[in-house]
Amino acid sequence: MAQKLARSSYSRPTLIVARDLLGKYLVRRIGRSFLIGKIVEVEAYRGSIDPASHAYRGRTPRNAVMFGREGHPYVYFTYGMHFCANIVTEDPGKAGAVLLRALEPISGISRMIVNRKKKERKRNPKRTDDRSLTNGPAKICQAFRIGRKENGIDLLGRKIYVTQGESIKHSEIERSQRIGIREGKEKKWRFSLKGNRWVSEGGRKI
DNA sequence: TAGTTGATCGTCT
DNA sequence: GACGATCAACTAA
């Protein structure tokens, strides 16, 4: 098993952490089985200096985890039905976070399919593509069974963590505008792997 | 293939 | 009471 990222990896400036997470492996342990995905798309949210961040208007019960220690997942519920997962960065109080937007499935794929409840596979062949398994922030949470319970647990623990993955060259990284937000749109704080098939749809249009 | 909309509810104003 | 760091199904062409 590859080496888990140390706490200090998450302590660095949010933009650096975001870029650096590309190519790393997100590992989710459920009982005895493991789900593994390579991180191919992320967005940086910079706490109190970023109007698009949930933490911009200060601490609330919902975003408390972001104001806590780095190296913990901030999982939030949105649109009445979806979860999205972030990784908290920088020192406590800074409320930096990196949103996981897309993964490339590496291991445990059949379980991811079950978790995503893909009963439509027969009826709609277009969607049988494995691309739709984890090419969006809410899809990742479904496939990896990340929800309220995982909010704020330690990424240095056993249930969810990040390991060293593939080394990524600077030239392989694409930098663009963030998706699905109004304020702070102009900031190019979204990072993805050029040409990777799992990069989310919203992103590849830009 | 592009554009639109329904689902569905916690959080903050 | 409004809306959201979304997704999937639907419509029109």
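As the structure is a prediction and not an experimental result, all values here were calculated from the model. Protein chains get the first letters and strands the later ones, always in sequence-line order, with residue 1 at the start of each.
- Interatomic distance, OH of A/Tyr161 versus CZ of A/Arg28, reported as 11.5 Å (0.5 Å rounding).
- A distance-only check finds a donor-acceptor pair linking the side chain of A/Lys4 to the backbone of A/Gly157 [under 3.5 Å].
- The CG-C1' distance, from A/Asn135 to C/dT6, rounds to 12 Å in whole Å.
- Considering only side-chain N and O atoms, A/His82 lies nowhere under 4.0 angstrom from the phosphate OP1 or OP2 of C/dG4.
- Rounding to whole angstrom units, CD of residue A/Glu183 and P of C/dC3 are separated by 14 Å.
- Side-chain atoms of A/Thr14 and A/Glu90 form a donor-acceptor pair, as typed in the model, at a separation below 3.5 Å.
- Note: CZ (A/Arg46) to P (C/dA5) measures 19 Å, nearest angstrom.
- In this structure, A/Ala138 reaches the sugar-phosphate backbone alone: every heavy-atom distance under 4.0 Å involves primed, P, OP1 or OP2 atoms, never a base.
- C/dA2 atom P lies 14 Å from atom CZ of A/Arg182, rounded to whole Å.
- Taking every side-chain heavy atom of A/Met66 into account, C/dA5 is the closest of C/dC3, C/dA8, C/dA5.
- Remark: C1' of B/dT8 and OH of A/Tyr79 are 13 Å apart, rounded to the nearest angstrom.
- One C1' atom belongs to C/dC3, the other to B/dT5, and the distance between them is 16 Å to the nearest Å.
- Closest approach to the A/Asn86 side chain among C/dA5, B/dT11, C/dG4 is made by C/dA5 (side chain taken as heavy atoms from C-beta onward).
- For the OP1/OP2 pair of C/dA5 and a distance below 4.0 Å, the side-chain nitrogens and oxygens of A/Lys185 include no atom meeting the criterion.
- Salt bridge annotation for A/Arg12-A/Asp20: present, with a cationic side-chain nitrogen under 4.0 angstrom from a carboxylate oxygen.
- Taking atom NZ of A/Lys139 as the reference point, atom C1' of C/dA8 lies 8 Å away to the nearest angstrom.
- A/Phe77 comes within contact range of the sugar-phosphate backbone alone, with a heavy-atom separation under 4.0 Å but no base atom that close.
- For A/Arg62, the salt bridge (Lys or Arg N to Asp or Glu O under 4.0 Å) test picks out no residue, with sequence neighbours left out.
- The base of C/dA5 is paired with the side chain of A/Tyr76 by a donor and an acceptor separated by under 3.5 Å.
- With respect to the salt-bridge test (charged N to carboxylate O, under 4.0 angstrom), the residues A/Arg190 and A/Glu41 qualify.
- The phosphate of C/dC7 has neither OP1 nor OP2 within less than 4.0 Å of any side-chain N or O from A/Arg101.
- Taking only side-chain nitrogens and oxygens, A/Thr78 never comes nearer than 4.0 Å to OP1 or OP2 of C/dA5.
- Between A/Arg57 and A/Gly80, the residue anchored nearer the 5' end of DNA chain B, judged by the nucleotide with its closest heavy atom, is A/Gly80.
- Whole-Å rounding puts the A/Tyr74 OH to C/dG4 P distance at 15 Å.
- Rounded to an integer number of Å, the gap from CE of A/Met81 to P of B/dA7 is 9 Å.
- Remark: A/Arg148 is not in phosphate contact with B/dG10, judged by side-chain N or O atoms under 4.0 Å from OP1 or OP2.
- Using the Watson-Crick or G-U wobble rule with both distances under 3.5 Å, B/dA7 pairs with C/dT6.
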